[in-house]
Amino acid sequence: MDLRDLRRIHPYLWEIPAGYREDMRIPCRIFASKEMLEEIVKDRSLEQLVNVSALPGMQKAAYVMPDVHEGYGFPIGGVAAAAWPDGVISPGGIGYDINCGVRLLKTELSHQELQPHLRRLGERLYMAVPSGVGKSGFIKLSKEHLDKVLEKGVPWLADMGYGGEEDIDCIESRGCLENGDPSAVSSHAKGRGIDQLGTLGAGNHFVEIDRITHIYDQETASAFGLFEGQVVIQIHTGSRGLGHQVATDHIKVLLGAMRKYGITVPDRELACAPLTSPEGKEYAGAMAAAANFAWANRQAITFFIRKTWHEVLGDQGGHLSLLYDVAHNIAKVEEHRGEDGVRRKMAVHRKGATRAFGPGHPEVTPRYRNFGQPVIIPGSMGTASYVLAGTESSMELAFGSCCHGAGRQMSRHAAKRAVRGERVRDDLHQQGIQVYSGSMAGLAEEAPMAYKDVDAVVDVVEAAGIAKKVAKLRPILVIKG
DNA sequence: ATGTCC
């Protein structure tokens, strides 16, 4: 993509007009500073965005966030909405890690209070939350109970003793998409997932203990229960092997089904089917089931973190309450205004993008409704993370969405060539950050240098008006696959 | 992201 093909709408919003390529149905919009855009045009992410704008039923505009980079079919950091019921659903717009997401637990302790216990806590947490590719967990589910997880998500797991109503209330969609369909999930996918509840996985997934170093918005922070110096815990993981297999299985089916519906796409990786077709509904049901599994996974990890926390800290530890749990790889049917200003149902695909509903939205729990939905933005290892709040203007500017993290700027391969894992670990230790990881190669792939500057990414989404800063976090201890 | 190639 050439910078000259882009029109500047605002200082932090750019557009590729719908006439740029013949098959575009809607324009493409990019949230970025000029400096970021100069980097973004270097990979294929904007070509991929233009491809997305050509899918049947696309509404208003296809968006990318400042943390955008190339992905499978759709760019990571992308948001696109297909009209209900005439549009399509595309697994490439959701990603292989269905409902990859982040939750944040609030502690009642300050950094100083935790410090004497940190080493023991890190060692114990590393044992309590199994990490690494293919690792299994401590929960033994029967096939019948796995189906319950796939169908009912966190509310079922909470009934089994792994959480409470106050957790459910602070999860996007209350931890359950109602169309979760266990019968659309292959036995192969179920076999991969059955022993993986309560496991972290690998790659950029982590459990991280942070401290709040800055409050930007005192009123919202108080409503969210956040204060300066507070220790908080982030959990970043998804649907593990189960979600990956669901994506693999259904992409194959959809590739074969497109001809039947007369759909042509500019890239095979955009395989899709009409939302109301049997194949589209089957994928949507399987995706929802995998999403429910991912929420249940983050809930199970929360259970084991709470258990470990209390074992190490006793009564002094206090309660670990959930701030919020956000999905950043998911498609959901929501109501939004189209380009004509008329509200209609759409299947909003967010791939490496976070829902950021504004104040007053009925989908946001009453406890936060006056302030906007909490949005959790994890940085790369060793860098800051943020808690943001959704804004009213995000609803109009980007279907109520914002960025999801720092965003890669270096491939995994390039990162491994550039730095050794031992060096990354030692550098983090120098900064006072404890690292527990079973894979030095994994640490190299996730080195801070492999990621964009999260501070700059968050500054752009705030300046563009799609989220506002509430709190800044700095890492203390990180557990990785 | 992923039992990182059936």
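A note on names: the letters A, B, ... follow the listed sequences, proteins ahead of strands, and every chain is numbered from 1.
- In this structure, A:Lys332 does not pair ionically with A:Glu363, as no charged nitrogen and carboxylate oxygen lie closer than 4.0 Å.
- Relative orientation of the A:Phe31 and A:Tyr63 rings is parallel, given thresholds of 30° and 60° on the angle between their planes.
- Atom NE2 of A:His205 is separated from atom P of B:dT2 by 5 Å (rounded to the nearest Å).
- In this entry the distance linking CG of A:Leu200 with P of B:dT2 reads 9 Å, nearest Å.
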For residues 436-462 of chain A, dump all side-chain donor-acceptor pairs below 3.5 Å to protein atoms at least two apart in sequence or in another chain.
from: A:Tyr436; atom 1: OH; to: A:Arg119; atom 2: O; distance (Å): 3.4
from: A:Ser437; atom 1: OG; to: A:Ser439; atom 2: N; distance (Å): 3.2
from: A:Ser437; atom 1: OG; to: A:Ser439; atom 2: O; distance (Å): 3.3
from: A:Ser437; atom 1: OG; to: A:Gly481; atom 2: O; distance (Å): 3.0
from: A:Ser439; atom 1: OG; to: A:Gly442; atom 2: N; distance (Å): 2.7
from: A:Glu445; atom 1: OE1; to: A:Arg412; atom 2: NH1; distance (Å): 3.1
from: A:Glu445; atom 1: OE2; to: A:Lys416; atom 2: NZ; distance (Å): 3.0
from: A:Glu446; atom 1: OE1; to: A:Tyr451; atom 2: OH; distance (Å): 2.6
from: A:Glu446; atom 1: OE2; to: A:Asn204; atom 2: N; distance (Å): 3.4
from: A:Glu446; atom 1: OE2; to: A:Arg408; atom 2: NH2; distance (Å): 3.1
from: A:Glu446; atom 1: OE2; to: A:Arg412; atom 2: NH1; distance (Å): 2.9
from: A:Lys452; atom 1: NZ; to: A:Pro66; atom 2: O; distance (Å): 3.1
from: A:Lys452; atom 1: NZ; to: A:Val68; atom 2: O; distance (Å): 2.7
from: A:Asp453; atom 1: OD1; to: A:Asp455; atom 2: N; distance (Å): 3.0
from: A:Asp455; atom 1: OD1; to: A:Tyr386; atom 2: OH; distance (Å): 2.4
from: A:Asp459; atom 1: OD1; to: A:Lys469; atom 2: NZ; distance (Å): 2.7
from: A:Glu462; atom 1: OE2; to: A:Lys469; atom 2: N; distance (Å): 2.7

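- Rounded to whole Å, the distance from NZ on A:Lys252 to P on B:dT2 is 19 Å.
- Residue A:Ala202 is classed as a sugar-phosphate contact, given heavy-atom separations below 4.0 Å to backbone atoms only.
- Across all strands, A:Gly238 comes closer than 4.0 Å to no nucleic acid atom at all (heavy-atom distances).
- Legend: residues meeting salt bridge (Lys or Arg N to Asp or Glu O under 4.0 Å) with A:Lys190, ordered by chain and number and at least two apart, are A:Asp147.
- Within 4.0 Å of A:His413, counting heavy atoms only, lies no atom of the nucleic acid at all.
- Residue-level contact check: A:Gly95 touches neither bases nor backbone, having no heavy atom under 4.0 Å from any strand.
- Within the 4.0 angstrom heavy-atom criterion, no nucleotide atom of any strand lies near A:Glu445.
- The distance between atom NZ of A:Lys416 and atom P of B:dT4, rounded to the nearest whole Å, is 13 Å.
- Residue A:Arg240 places at least one side-chain N or O closer than 4.0 Å to OP1 or OP2 of B:dT2.
- We find that NE2 of A:His188 is positioned 13 Å from C1' of B:dC5, with the value rounded to whole Å.
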